[in-house]
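The analysis underlying the following values was restricted to heavy atoms, covering all of them including side chains, and did not include hydrogens, waters or symmetry mates. Each chain gets a letter, A, B and so on, in the order its sequence line appears, and its residues count up from 1.
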There are 2 protein chains.
Amino acid sequence: MIYDPKYENKLRESGLRPTKQRIKICEVLFNSTETFHFTIKDLVKIIENQANIKVSLATVYNTVHAFNKKGYLKEIPINSSQSYYDTNISHHHHFFDEDENKLIDIDQNDVDEVMIKKTIPGKKIKSIEVIAKIVTDN
Amino acid sequence: MIYDPKYENKLRESGLRPTKQRIKICEVLFNSTETFHFTIKDLVKIIENQANIKVSLATVYNTVHAFNKKGYLKEIPINSSQSYYDTNISHHHHFFDEDENKLIDIDQNDVDEVMIKKTIPGKKIKSIEVIAKIVTDN
DNA sequence: AAATACATTAAAATCATTCTAATCTGTTGA
DNA sequence: TCAACAGATTAGAATGATTTTAATGTATTT
């Protein structure tokens, strides 16, 4: 079977074989020029609405995990019962709107570079994320 | 019944009545000069080891939630199956050691103040948190 | 001290996530 | 090309944190 090589590469580089289900997941995540925030549940819903193929939860989870590990997706650090992922893997930050449980991007240029003076022996910094919680201003 | 007024106030200000169980939770959380990070499970374990009273999970959850809401505790924004709380409510940040699933404080003085230029109409910033993920440096 | 409002509890329910084990499909090497 | 194998898919079960329930208990108010 032959797939869009763009997605085939992404999958292979993430340690996954290209399959019909995974290509569909790629289409949903990477087809658009727009980046977005999603939960696993969101993703399953979009696939169900868009596609005529059925993809099981287990497949969605393992594919998203592999992309996250490889760096094609980023998990956003917030406390929520569900994990949020971001298709925008460039360096940027987030507002989390606590009234509506919604994430809003903050462009890198809108935050001064975060400099951390403390170091931990034997450890290196993998990522730095800023989360600003916002609420209705009364 | 008469309790340490320090804890009684904390509880009442959080909208809770002082009870034997809740006072015990306060003792564990606020008795020490040291601040610490904990999960609900940790807290229950400490209470079981230290005290001769039994406190149900439901009571621990509702008490911790009330303190968090009031601001006597802070929930730390990381993706983990469990929620992490911090008894240090002063403005500071965290490393999250991904190898050991452990949080490490970063003093406010070790991070330049984070300035966010973007604003969202009708919303105000409630908190700004920096999470720096660290891993073994090879 | 009675009446009320809130608290406590064990157990059940919920919900995201992970695991399982049976079946299926890409992939590889002859 | 095609058999054999490694890895993928799936529904459903298992797990584990958190929330809810509903019966009973306790602090509070009058």
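Whole-Å rounding puts the B/Ile25 CD1 to C/dA7 P distance at 12 Å. Here C/dC15 presents its P atom at 15 Å from CG of A/Asn101, a figure rounded to the nearest Å. Separating the CG atom of A/Leu16 from the C1' atom of D/dT9 is a distance of 13 Å, rounded to the nearest angstrom. Protein atom CD1 of B/Ile47 is 14 Å distant from nucleotide atom C1' of C/dT9, rounded to whole Å. Between B/Lys24 atom NZ and C/dT8 atom C1' there is a gap of 18 Å when expressed in whole angstrom units. Per the geometry, CD belonging to B/Glu8 stands 13 Å off P belonging to C/dA7, to the nearest Å. D/dG16 atom P lies 19 Å from atom CG of B/Asn79, rounded to whole Å. The interatomic distance linking A/Lys54 (NZ) with D/dA11 (C1') rounds to 8 Å, in whole Å.
At least one side-chain heavy atom of A/Arg12 sits under 4.5 Å from a side-chain heavy atom of A/Pro18. Inter-residue side-chain proximity for A/Gln21 and A/Thr63 is flagged as unmet; no heavy-atom pair is nearer than 4.5 Å.
Between B/Tyr85 and B/His65, the two ring planes are tilted [angle within 30° to 60°]. The aromatic rings of B/Tyr7 and B/Phe30 lie tilted to each other, with the angle between the two planes from 30° to 60°. Under the 30°/60° scheme for interplanar angles, the aromatic rings of A/Phe96 and A/Tyr84 are found to stand perpendicular.
Applying the 4.0 Å criterion to OP1 and OP2 of C/dA7, one finds that B/Lys20 has every side-chain N and O outside that range. Put simply, B/Arg12 has no side-chain N or O that comes within less than 4.0 Å of OP1 or OP2 on C/dC6. For D/dT9, one of the phosphate oxygens OP1 or OP2 lies less than 4.0 angstrom from a side-chain nitrogen or oxygen of A/Thr19. Residue B/His65 places none of its side-chain N or O atoms closer than 4.0 Å to OP1 or OP2 of D/dT18. Of the side-chain N and O atoms in B/Gln21, none sit less than 4.0 angstrom from OP1 or OP2 of D/dT26. Put simply, B/Tyr61 has no side-chain N or O that comes within less than 4.0 Å of OP1 or OP2 on D/dT19. Between D/dA27 and B/Arg22, no contact under 4.0 Å exists linking OP1 or OP2 to a side-chain N or O.
Toward the 5' end of DNA chain D, the nearer of the two residues A/Thr63 and B/Ser83, judged by each one's closest nucleotide, is A/Thr63. Between B/Arg17 and B/Lys41, it is B/Lys41 whose nearest contact on DNA chain D lies nearer the 5' terminus.
No donor-acceptor pair closer than 3.5 Å links the side chain of A/Asp105 to the backbone N or O of A/Asp107.
With C/dA10, D/dT28, C/dT17 as the candidates, the nucleotide lying closest to the side chain of A/Ile40 is C/dT17. Nearest nucleotide to the A/Gln82 side chain, out of D/dT9, D/dA27, C/dT17: C/dT17. Listed candidates were D/dT19, C/dA7, C/dA16. Nearest to the side chain of A/Ser81 is C/dA16.
Here B/Leu57 lies in heavy-atom contact (under 4.0 Å) with a base.
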